Amino acid sequence: MRVRASGLILFIGNILSFLLGFIFTTLIARGLTSEDLGIWFFLGSVITYFKIFEKILPYWSSRDIPRGWRIAKTCLIFSFLISIPPMIVFLALSGLFASLIGSSQMIFLLGGLFIPIYYVTASLTSIIFSREPHKLGPKNILIDGVKIPLALIMLQYGLIGVLTSVIIANLAFIAYGLLVSRKFFEPKVDLRWIRTRIKQAWLPLHESALGYISSASDLFILGVLSSPIQLSFYGIAMTISRTLNSLTSLTSAIYPKVLGKGSITNRETEELFRFHYIFATPMLIGGVVLAPNLINIFGSKYLEGLPMLYLLLLSTFIGLISLLIKNIVLGLEKIDSEIKVGFKKLLRSKLFKIQAVSYVTITILILASLITIAYFGGVGVAISRLIASIVGLLAYLYLAKGALRIKSVLTGLPQSLLASFIMALILRLLNPVGSLMTLFSIPFGAIIYFIILMAIDKRVRLIVKIFSKEVMSRILYQLE
């Protein structure tokens, strides 16, 4: 239950962040032209390819810190140093990137500053997550809370002003992260840990490259082979669908727990998936029902992206199930519990096999996108991502056999679906019109959903009861 409590704290933080992020994206979608918004999404996709070295050290620190290693300062300093070469290369290629999308080179020169910022942020996140995950709750709230008022001021300078606002906001989180994590800093840099983990950098580098290529390839392909306007439709649909990604923090605290414990029971996995579906299912169904209304918040000119949104919502939902299975499998892997482990052993481990799944999904995503974009545009790319996510889920289930039962993965889904469909029917009858009514209908629908779910599922009532006690004990502890 402590895992769920920490996860819910992070989830609440992420939901608040989503609301702020939604405001920010609406602000720039309405304040920028469709072409500039497309360039914004394209810039993000290009920067992603220069983040492939970002997880080289945070990958290992997130596994080693829960096991007792004191390497926070070491991870932070060397992550920054690793970010310098890719930033230099990005700046050198900025003119080429600008010509591909028909943009000013200055936009890409300024965007290059995100690279060291992201590397440092990744290290700080892994350090805090490994020791005090609930303190990551304010992360996105802080970033969005700073960039929104700044963007209101800087929007008059166009995309340059938006980029400046986001850079300053991320620097604000870095300051917060340093303040929170400094108590975990070791007296001096651990060169032994660095030497060992750099030699093993191929594993996180492999994972980062695959993950980042997967996350950005559709935007990049669409930007190069289509137009900034078509990319803006897809970008808005992806922004809305990624609302579901706020759920990653809901159960992510299970990863360090399983790493430290070395095992997980069937009962724990069943409750974990039940807890996940309690929140994920209504967000999927509600997103589908309110899809036109949600796009209208950004502007009716983006309604062409509606079919893309339906497909991306489903692929994101499937991807979250895959991520939860992946975290359980990785947490149970013990081969790297000793810092010195050979290349061949790592290659045969599930640490590598889990990553190998990405080869298949990326290949499907890229090839299918290249084929379908000529016929269906952004819709074809969204279809490709959905197919890739389904294949990925099946592969993760195969790798989890013996450690995870299908029954456990489906625990709580039927009840959540039933409550979500009733909620959807009520929302459809309500038929909210306008941005304010749409936003109001979201918490209204959530209340209806939870009332129905608690009425039909006694396990949910028990979870709420236990969780309430846990929250109260934490509050009383803080007051003592």
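Counting begins at 1 with the first residue of the sequence. Note that the structure is predicted; figures quoted are calculated from it, not measured.
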- prompt: For L436, does the CG atom sit with more than 12 other heavy atoms under 6.0 Å from it, leaving out its own atoms?
  reply: no

- line: Nearest heavy-atom approach of R30 to N296 is NH2-O, 3.3 Å

Residue F185 excluded, over 12 heavy atoms near CZ under 6.0 Å: yes

- line: All heavy atoms of D36 vs all of L32, minimum pair found to be CB-CB, 4.0 Å

- request: Could you tell me the separation between the CG atom of L37 and the CG atom of L159, rounded to the nearest 0.5 Å?
  value: 9.0 Å

- prompt: Nearest heavy-atom pair of L124 and S181: which atoms, and what distance?
  reply: CD2-OG, 3.5 Å

query: Is the F114 to F50 ring centre distance short of 6.0 Å?
result: no

field: Pairwise distance CE(M308) to OH(Y302) - rounded to 0.5 angstrom
entry: 12.5 Å

- request: Mark yes or no for whether S79, through its side chain, and L76, through its backbone, hold a donor-acceptor pair below 3.5 Å.
  value: no

- line: Between T48 and G44, the two heavy atoms sitting closest are OG1-O, 2.8 Å

field: Where G377 and L222 come nearest, the two heavy atoms and their spacing
entry: C-CD1, 4.3 Å

task: Sequence neighbours left out, what passes ring-ring contact (aromatic ring centres under 6.0 Å, His included) with F317? Give chain and number order.
output: none

- prompt: Do S416 and Y449 have side chains that get closer than 4.5 Å, going by heavy atoms?
  reply: yes

Minimum heavy-atom distance S241-L309, with the two atoms named: N-CD1, 3.9 Å

message: Less than 3.5 Å apart, any donor N or O on the side chain of S126 or S61 sitting next to an acceptor on the other?
response: yes

